[in-house]
Amino acid sequence: MTRRIHVIGIGAGDPDYVTAEAVRALNDTQVFFAMDKGEAKTDLVALRRQICQRFIQTPGYRFVELADPQRAKDAEYRTAVAEWHAARAAVWADAIERELAPDGVGAFLAWGDPSLYDSTLRILETVAQRVEISYDVIPGITAIQALTARHRIPLNDIGEPVLITTGRRLAADGLAGSAVVMLDGDCAFRSCPPQTRIWWGAYLGTPDELLVSGTVGEVGEKIAKLRAEARAGHGWIMDTYLLRHR
Ligand SMILES: C[S@@+](CC[C@H](N)C(=O)[O-])C[C@H]1O[C@@H](n2cnc3c(N)ncnc32)[C@H](O)[C@@H]1O
């Protein structure tokens, strides 16, 4: 007998982003494993529970909250992340053995899509070396798709590539062509030339959604101000933007 795990992409904010395939997997699940996410916890955990309540027809499923191991602050970034993943994998493996029957079905709900800046699949690969599990992946609507849909724009220029990157890498490498920037705590777009076009979105797909577009020169400071105010008001922020050279 093998325990089965679904890794379910739940979309990046709006419960309407949940796909028919995700609904099937939600209804197949007995135990949902969730990490304790700190500051954004209450809103994001509430959304996950709301999705389960809305789409699962037969109650009887359980949530198991897993404590998130501390990430070393003084180690080199990649070393710290690797150690953190190994510690998470140990916590997950123990919880799967403890909480799931040998033929049980569990799930991890991944924000947006599990393939995009999400460590669930990397950690599960390590878990699978410690406990016997099989797992599948259900794709979800990413923040990138939510952003382009809300601004009603194509992601790429005709025949052109798009880079997906982080704020840190944008600041270090600069912009060539088009780039989607995620995980940016510092408004790294301000390092781009003023004529660069920007389409920015925060809390996409939620009632608190914010959208701004223009050039970095025209709207850069406005976005920075709006972002700081929203972050202070909510206690957390998730924002994404697309940049293009003119
Ligand atoms: C850890 S990554 C997860 C991405 C996710 N797996 C996805 O498919 O969108 C978190 C980053 O995604 C972006 N993000 C996720 N949800 C968002 C939302 N609703 N609105 C704006 N940005 C979002 C932000 O850049 C945030 O820093």
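The first residue in the sequence is number 1, and the count goes up from there. Just follow the structure's listing: the first ligand is 1, and inside any ligand the first atom is 1.
For the pair M182 and ligand 1, the shortest N or O to N or O distance does not fall below 3.5 Å. Considering backbone and side-chain atoms together, V181 places no N or O closer than 3.5 Å to any N or O of ligand 1. Looking at Y117 next to ligand 1, no N or O pair under 3.5 Å apart turns up. Looking at ligand 1, you'll find an N or O of D113 within less than 3.5 Å of one of its N or O atoms. Ligand 1 has an N or O atom lying under 3.5 Å from an N or O atom of T240, backbone or side chain. Annotation: L183 places an N or O atom under 3.5 Å from an N or O atom of ligand 1; distance criterion only. Checking only distances, A143 does come within under 3.5 Å of ligand 1, N or O to N or O. Polar contact check, I141 against ligand 1: no nitrogen or oxygen pair lies under 3.5 Å apart.
Taking 4.5 Å as the limit, some side-chain heavy atom of R227 sits within range of a side-chain heavy atom of I237. Side chains of V127 and L124 form a contact here, defined as non-hydrogen atoms less than 4.5 Å apart.
Screening V105, T29, I56, L26 for a side-chain contact (heavy atoms from CB on, under 4.5 Å) involving Y61 leaves a single residue, I56.
The atoms of ligand 1 that sit less than 4.0 Å from any heavy atom of G112 are 7 (C), 8 (O). Residue contact check: A12 has heavy atoms under 4.0 Å from atoms 16 (N), 18 (C), 19 (N) of ligand 1. Less than 4.0 angstrom separates some heavy atom of G201 from each of these atoms of ligand 1: 21 (C).
With hydrogens and angles left out, the side-chain atoms of S119 and R88 include a donor and acceptor closer than 3.5 Å. Between the side chains of D239 and W200, at least one donor N or O lies within less than 3.5 Å of an accepting N or O. Side-chain atoms of S178 and R244 form a donor-acceptor pair, as typed in the model, at a separation below 3.5 Å.
A cation-pi arrangement, defined by a distance under 6.0 Å to the six-membered ring centre and an angle within 45 degrees of its axis, is present between R168 and Y77. Annotation: cation-pi geometry satisfied between R49 and F63 (NZ/CZ under 6.0 angstrom from ring centroid, within 45° of ring axis).
Using a 4.0 Å cut-off between heavy atoms, D239 contacts ligand 1 through its backbone alone, with no side-chain atom that close.
A salt bridge is defined here as a Lys NZ or Arg NE, NH1 or NH2 lying under 4.0 Å from an Asp or Glu carboxylate O, and D94 with R98 fails to meet this definition.
What sits closest to atom 21 (C) of ligand 1 on the protein, heavy atoms only, is M238 O, 3.1 Å. When hydrogens are left out, the protein atom nearest atom 4 (C) of ligand 1 is L116 O, 3.4 Å; that is the closest non-hydrogen contact. Residue, atom and distance of the protein heavy atom nearest to atom 20 (N) of ligand 1 are L204 N, 2.9 Å.
Summarising the contacts of atom 15 (C) of ligand 1 with Y241, Y203, W111, the nearest heavy atom is found in W111.
Between H6 and F108, the gap from one ring centroid to the other reaches at least 6.0 Å.
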